[in-house]
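If you're wondering where the values come from, they're calculated on a predicted model, not measured in any experiment. Numbers restart at 1 for each chain; the letters A, B, ... are given by sequence-line order, proteins then strands.
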Amino acid sequence: MSVEIEKANPSRPAPTRNMEEIVSLCKRRGFMFQNSEIYGGLNGFWDYGPLGVELKNNIKQAWWQDMVTSHNDMDVLPGAPGVYSMTGLDCTIIMHPQVWKCSGHYDLFHDYMVDCRESKKRYRHDQLVGRWVTVREQRIFATAQSGEEELQHIERQAMKFFKLRNKHKDQLQWDGDVIGVTDLDESAAASILAPDAKTLDTLTDPREFNLMFKTTIGALGGADDTAFLRPETAQGIFVNFKNVIDSTRFRLPLGIAQMGKSFRNEITPRNFTFRSREFEQMEIEFFCHPDSSADWYGYWRDRRMQWYQDLGLSSDRLILREHGAEEMAHYSIGTADIEYAFPFLPEGQYGELEGVAHRGDFDLRSHMEGKLTGDLELELGEDGKPKWKGSGKDLSYRDDLTNEKYVPHVIEPSAGADRATLAFLCEAYCEDEAPDEKGKMQTRTVMRLHPRLAPIKAAVFPLVKKDGMPEIAKQAYLELKKHFNVFYDDKGAVGRRYRRQDEAGTPYCITIDGQTLEDRTVTIRDRDSLKQWRVGLDDCVAAIGEGLNQK
RNA sequence: GCGGGUGUAGCUCAGUGGCUAGAGCGUCACGUUGCCAACGUGAAUGUCGAGGGUUCGAAUCCCUUCACCCGCUCCA
């Protein structure tokens, strides 16, 4: 059966740049709420309302379906180096504490910070460097944040402190090389000139900032029972890699996907849900032979970029940013961020939606041998023994066709479900003009969500509440509900009902009118073009289904 | 964590020491209405972010605190 369906209006207006309007609509229509709002809210936590949960579920389902369940593992996909398999996994949020020690998160997420009492600035303790310098018998330790210009900064600070002019630069008597503040002993504190201070001794003692949420296992747990809420879902896949290989007949290359909550105790949650302390990830760990990992990296980077575009993110606002060598771990061949121009960012700036990283064999080897350094060396503690011991289990893979045994390389496309949801919401929010009853143009707010993502697929209206129209509408509604999330509305004028659905992003509205009573046809109204056409009452399910597939 | 701003109805906001805290939009009901925010009538809705203080009297002044926005800082 063929049913005429209107295509989306190609010349859609640009989405708004005003974040407050989007936040307001999210609250008003039930996409997102502040967590524990009646108690004043909780910084870094957000809830999804009735429309939001549908939207986010649709995004997660689209990802799972496109990446895992409907993946074609028989043919070589366009751009792919070969055929590959995909499967899924669901791991717990709390894992063995050693997982995080070997993965590096335990050390990395225990940053020590110092604050400057004078400048009110905060620095990572291990990033402060400086150099001893003496002028007129006063010896100070001038500092800077480590980086390319640290030497110039240290010199500038010293000159300012001793009130020297450029021509008297030679009065600075340097003593030794640039060293880290962490290398100084406590007695030096009184001589430290902080990077942005004018006086000495303004830094606080180093204070621990723990970015992993701690919890305790067992009701009587002591220090030994400390566990962590996972800061990423990825490790659950690495530690289960052997289980998946042993319990299935999958061959490499194989991708294992997982969706789930992760937790990071962000110092400054900000920008609506963009940086939340509890968030949901959609991660794939793709295991392949080291010789082909570079090609697979390129494939996944482009494949993931295309996914966002296929679901409606405009290429104007979406960029693929390849990291430079200095941003990447040494073992990595490439890392790219897929970034979106969120309205809360300054013009020309982008925020990360997904990172696609070539991780070599770093993760599997870390869980075999122990925590590795960026050079893939085993990191040693002060006693010369491994700092954090690995599992000792062999996580290598034996190819039973070639008999080759190797530790697979990993490509990691790691996406944020909440960030994707926010990006799709921002992209969808538009204001355009539609005529009112008198033909006068009025501003219309419309969420131009991709039909696959739209929380409500269709709304059913009786044109008026009489002549049996509500009865027919109710039947059509119940029939459609077997297939799609649909919404019934008979309140107020039909124009108002259309506009309500526009704000919810509902792609189609079905109206039962006087003509339905005569010939059993109904009108379908398209959200974007406002066009209407008639289909048979009994063809509604097919028509909506086709519309959802076409866009 | 620092600095600045904001916080009053579901949303946007008015109200700067004095009567029972208001408007627009939205929501609900009834009537009318036959395809794009209609009209009429009526109705509901407020810990004035929270706690404390000053005062005869506080949404309003003071202190503390929480949340959001902007700028620093941080961002695995």
Visitor: Is there a Watson-Crick or G-U wobble partner for B/C68 with both distances under 3.5 Å, and if so, which one is it?
Guide: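 When the pairing criteria are applied, B/G5 turns out to be the nucleotide that pairs with B/C68.
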
Visitor: How would you list, by chain and number, every residue that makes a side-chain contact (heavy atoms from CB on, under 4.5 Å) with A/H323, sequence neighbours excluded?
Guide: A/R321, A/E327, A/M328, A/T335, A/D337

Visitor: Select one nucleotide: of B/C35, B/C36, B/C30, the one nearest the side-chain heavy atoms of A/K465.
Guide: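 Of the candidates, B/C30 comes closest.
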
Visitor: Can you pull out the residues from residues 487-495 of chain A that lie within a 4.0 Å heavy-atom distance of RNA chain B?
Guide: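 Within this stretch, A/K491, A/A493, A/V494, A/G495 sit under 4.0 Å of the strand.
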
Visitor: What protein N or O atoms touch nucleotides 43-50 of chain B N or O atoms at under 3.5 angstrom, if any, and at what distances?
Guide:
residue : atom : partner : partner atom : Å
B/U47   : O4   : A/I38   : O            : 3.2

Visitor: From CG of A/D513 over to C1' of B/U33, roughly how many Å is that when rounded to an integer?
Guide: 15 Å

Visitor: For B/C61, which nucleotide in any strand shown is its Watson-Crick or wobble partner with both distances under 3.5 Å?
Guide: B/G53

Visitor: May I ask you to say what A/F272 touches in the nucleic acid, namely base, sugar-phosphate or nothing, with a heavy-atom cut-off under 4.0 Å?
Guide: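 Result for A/F272 = sugar-phosphate.
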
Visitor: Distance check, C1' atoms only: B/G22 and B/G15, in whole angstrom units.
Guide: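 About 7 Å, rounded to a whole number of Å.
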
Visitor: For the P atoms, the ones on B/U73 and on B/G17, what distance do you get once it is rounded to whole angstrom?
Guide: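 My reading of the P atoms in B/U73 and B/G17 gives 40 Å.
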
Visitor: Hey, can you pull the donor-acceptor pairs under 3.5 Å for the side chains in residues 460-475 of chain A, sequence neighbours left out?
Guide:
none

Visitor: Applying side-chain contact (heavy atoms from CB on, under 4.5 Å), can you list everything that pairs with A/R496, at least two apart in sequence or on another chain?
Guide: A/R500

Visitor: If we take the C1' atom in both B/G42 and B/C61, what is their distance in whole Å?
Guide: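 These two C1' atoms come out 41 Å apart once rounded.
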
Visitor: Any idea which of B/C68, B/C70, B/U27 is nearest the A/R500 side chain?
Guide: B/U27

Visitor: What nucleotide among B/C74, B/A37, B/A67 has an atom nearest to a side-chain atom of A/E503?
Guide: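 Given the options B/C74, B/A37, B/A67, the side chain of A/E503 is closest to B/A37.
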
Visitor: Taking NZ, NE, NH1 and NH2 as the nitrogens, is one of them in A/E278 or A/K261 under 4.0 Å from a carboxylate oxygen of the other?
Guide: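 Here A/E278 pairs with A/K261 in a salt bridge, since their nearest N and O are under 4.0 Å apart.
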
Visitor: Measure from the side-chain heavy atoms of A/F344 and tell me the nearest of B/C35, B/C68, B/C70.
Guide: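 Taking heavy atoms from C-beta onward, the closest nucleotide is B/C70.
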
Visitor: Counting only Watson-Crick or G-U wobble pairs whose two distances fall under 3.5 Å, which nucleotide matches B/U20?
Guide: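 Checking every strand shown, B/U20 finds no partner, since no pair has both distances under 3.5 Å.
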
Visitor: Between A/F228 and A/F213, is the ring centroid distance below 6.0 Å?
Guide: no

Visitor: Could you tell me how far B/G26 sits from B/C13 if I compare only their C1' atoms? Round to whole Å.
Guide: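 Going atom to atom, C1' in each nucleotide, I get 14 Å.
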
Visitor: In whole Å, I'd like the distance from the CG atom of A/N265 to the P atom of B/C74.
Guide: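 The distance from CG of A/N265 to P of B/C74 comes to 18 Å, rounded to the nearest Å.
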
Visitor: A/F461 CZ to B/U33 C1': how many Å, rounded?
Guide: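 Taking atom C1' of B/U33 as the reference, CZ of A/F461 is at 16 Å.
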
Visitor: Please compare A/Y498 and A/H105 by the position of their nearest nucleotide in RNA chain B and report the one closer to 5'.
Guide: A/Y498

Visitor: Is B/C48 paired to anything, Watson-Crick or G-U wobble with both distances less than 3.5 Å, and if yes, which nucleotide?
Guide: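 Across any shown strand, B/C48 pairs with none.
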
Visitor: Output all residues satisfying side-chain contact (heavy atoms from CB on, under 4.5 Å) with A/D363, sequence neighbours left out; order by chain, then residue number.
Guide: A/Q235, A/F238, A/R359

Visitor: Looking for any heavy atom pair under 4.0 Å, which part of the strands does A/E232 touch: base, sugar-phosphate only, or nothing?
Guide: nothing

Visitor: Kindly indicate whether the side chain of A/R444 and the base of B/C36 share any N or O donor-acceptor pair separated by less than 3.5 Å?
Guide: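 A donor-acceptor contact between them is absent.
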
Visitor: Could you please name the partner base of B/C74, counting Watson-Crick and G-U wobble pairs only when both distances are under 3.5 Å?
Guide: none

Visitor: Please report, rounded to the nearest Å, how far the P atom of B/C68 is from the CZ atom of A/F274.
Guide: 16 Å

Visitor: Using the C1' atom on both, measure B/U20 against B/C2 and round to a whole Å.
Guide: 44 Å

Visitor: Not counting sequence neighbours, which residues clear side-chain contact (heavy atoms from CB on, under 4.5 Å) with A/T521? List them please.
Guide: A/Q515, A/D519, A/R534

Visitor: Given atom CG of A/N271 and atom C1' of B/C69, what is their separation to the nearest angstrom?
Guide: 9 Å

Visitor: Would you tabulate the side-chain donor-acceptor contacts of residues 31-39 of chain A under 3.5 Å, counting partners in other chains and residues two or more places apart, or write 'none'?
Guide:
residue : atom : partner : partner atom : Å
A/N35   : ND2  : A/D47   : OD1          : 3.1
A/N35   : ND2  : A/D47   : OD2          : 3.4
A/E37   : OE2  : A/K27   : NZ           : 3.4

Visitor: Give A/G351 one of three labels, base, sugar-phosphate or nothing, depending on what nucleic acid heavy atoms sit under 4.0 Å from its own.
Guide: nothing

Visitor: When we call it a touch if two heavy atoms are under 4.0 Å apart, what does A/N43 touch: a base, just sugar-phosphate, or nothing?
Guide: sugar-phosphate

Visitor: What do you reckon, are the aromatic ring centroids of A/F342 and A/Y340 less than 6.0 Å apart?
Guide: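 Centroid distance A/F342-A/Y340: below 6.0 Å, so yes.
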
Visitor: Does any nucleotide pair with B/C25 by Watson-Crick or G-U wobble geometry, both distances under 3.5 Å, and what is it?
Guide: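 Its partner is B/G10 (Watson-Crick or G-U wobble, both distances under 3.5 Å).
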
Visitor: Checking A/R419 now: which residues fulfil side-chain hydrogen bond (donor to acceptor under 3.5 Å, both in side chains) with it, not counting sequence neighbours?
Guide: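 Residues passing side-chain hydrogen bond (donor to acceptor under 3.5 Å, both in side chains) with A/R419: none at all.
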
Visitor: Need one value for A/D467: base, sugar-phosphate or nothing, where a base atom within 4.0 Å counts as base even if backbone is also close, heavy atoms only.
Guide: base

Visitor: Do we get A/R525 above A/Y498's six-membered ring, with its NZ or CZ under 6.0 Å from the centre and within 45° of the axis?
Guide: yes

Visitor: Starting from P on B/U27, measure out to CZ on A/R497 and report it in whole angstrom.
Guide: 12 Å

Visitor: Could you check how far CD1 of A/I22 sits from C1' of B/C69, rounded to whole Å?
Guide: 14 Å

Visitor: Determine the interatomic distance between C1' on B/G10 and the same-named atom on B/U45; round to the nearest Å.
Guide: 9 Å

Visitor: Of all heavy-atom pairs between A/A234 and A/E285, which one has the smallest distance, and what is that distance?
Guide: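 Between these two residues, the closest heavy atoms are CB-OE2, 3.1 Å.
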
Visitor: Has the side chain of A/R496 got a donor or acceptor that lies under 3.5 Å from a partner of the other kind on the base of B/A37?
Guide: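 By the distance-only test, no, there is no pair.
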
Visitor: Phosphate oxygens OP1/OP2 of B/C35: is one of them under 4.0 Å from a side-chain N or O of A/Q501?
Guide: no

Visitor: For A/E280, enumerate each residue passing the salt bridge (charged side-chain N to carboxylate O under 4.0 Å, His left out) test, keeping only those at least two apart in sequence or located in another chain.
Guide: A/K56, A/K60

Visitor: Watson-Crick or G-U wobble partner for B/C30, using a 3.5 Å limit on both distances?
Guide: B/G40

Visitor: Regarding A/R448 and A/D432, does a basic nitrogen lie under 4.0 Å from an acidic carboxylate oxygen?
Guide: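 Yes, A/R448 and A/D432 are salt-bridged.
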
Visitor: Grab the N/O contacts between the protein and nucleotides 10-14 of chain B below 3.5 Å, and write none if there aren't any.
Guide:
residue : atom : partner : partner atom : Å
B/G10   : O3'  : A/K27   : NZ           : 3.4
B/C11   : OP1  : A/K27   : NZ           : 2.4
B/C11   : O3'  : A/S24   : OG           : 3.3
B/C11   : O2'  : A/S24   : OG           : 3.3

Visitor: Heavy atoms under 4.0 Å, any strand shown: does A/T516 hit a base, just sugar-phosphate, or nothing?
Guide: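 Counting heavy atoms under 4.0 Å across all strands, no contact is made by A/T516.
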
Visitor: Return the set of residues passing side-chain hydrogen bond (donor to acceptor under 3.5 Å, both in side chains) with A/N271 (not counting sequence neighbours), or none when no residue passes.
Guide: none

Visitor: In whole Å, what separates the P atom of B/A9 from that of B/G24?
Guide: 16 Å

Visitor: Give me the distance, rounded to whole Å, that separates B/U8 from B/G51 when you measure between the P atoms they each carry.
Guide: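 Their P atoms lie roughly 15 Å apart.
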
Visitor: I want to verify a distance call: between B/C36, B/U27, B/C35, whose nearest atom is closest to the A/T511 side chain?
Guide: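 The answer is B/C35, which lies nearest to the side chain.
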
Visitor: Rounding to a whole Å, what distance do you find between A/Q349:CD and B/C70:P?
Guide: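 Spelled out: CD on A/Q349 to P on B/C70 is 12 Å.
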
